[in-house]
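Comments concern the structure below.
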Amino acid sequence: MDKSLEAQKAHAEKEISQLENRQKILLNRIRKEERNARTSRLCRHGAILEGVFPAVLGADGEAIKEFLIALSRLPGAGEAAEKTLNAGDEG
C-alpha cells in the first residue's frame with residue numbers, strides 16, 4: 001500500500017476515534033442535563049406539596065404516597081386534577 005494512502009487511513013481512523021469520543025462526551029452531557037432537569041422538577045414539585053400540605057413535612061415517602069393515593073380516590077379528584085392541569089396548559 002502506498003505510504004500516502006496509509007497516512008490518510010491513519011488520519012481517518014484518528015478522526016473517527018476523536019468523533020466517537022466527542023459523541024460520548026455529548027451523550028454524557030445530555031444525560032447529565034436530563035438528570036439535572038428531573039432533579040429540579042422533583043424539588044419544585046416537592047416544595048409545592050410541602051407548601052400546600054405542611055403536614056407532609058414530617059412524613060416518610062410511603063406515608064406521602066398513601067396520602068396522595070387517598071386524595072386521588074376522593075370523589076371528583078380525577079376530574080378536578082384534569083381540569084386544573086388542562087387550564088394550566090392553556091394559559
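Keep in mind that the numbers below use all heavy atoms, side chains included, and drop hydrogens, waters and symmetry copies.
- Taking Q23 as the reference, nothing meets the side chain to side chain donor-acceptor pair (under 3.5 Å) condition, with sequence neighbours excluded.
- Taking all atoms of both residues into account, the shortest heavy-atom contact from S72 to A77 is O-CB, 3.5 Å.
- Sorted by first then second residue, the salt bridge (Lys or Arg N to Asp or Glu O under 4.0 Å) pairs that include residues 18-37, not counting sequence neighbours, number zero.
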Under 3.5 Å, sequence neighbours excluded: what are the donor-acceptor pairs made by side chains of residues 43-68?
from	atom 1	to	atom 2	distance (Å)
R44	NH1	S40	OG	2.9
D60	OD1	A63	N	2.9

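- Screening N86, T84, L85 for a side-chain contact (heavy atoms from CB on, under 4.5 Å) involving E82 leaves a single residue, N86.
- Looking at residues two or more places apart in sequence or on another chain, you find a side-chain contact (heavy atoms from CB on, under 4.5 Å) between R73 and I69.
- Grouped by direct or indirect side-chain proximity (heavy atoms under 4.5 Å, Ile/Leu/Val/Met/Phe/Trp/Tyr only), I30 sits alone.
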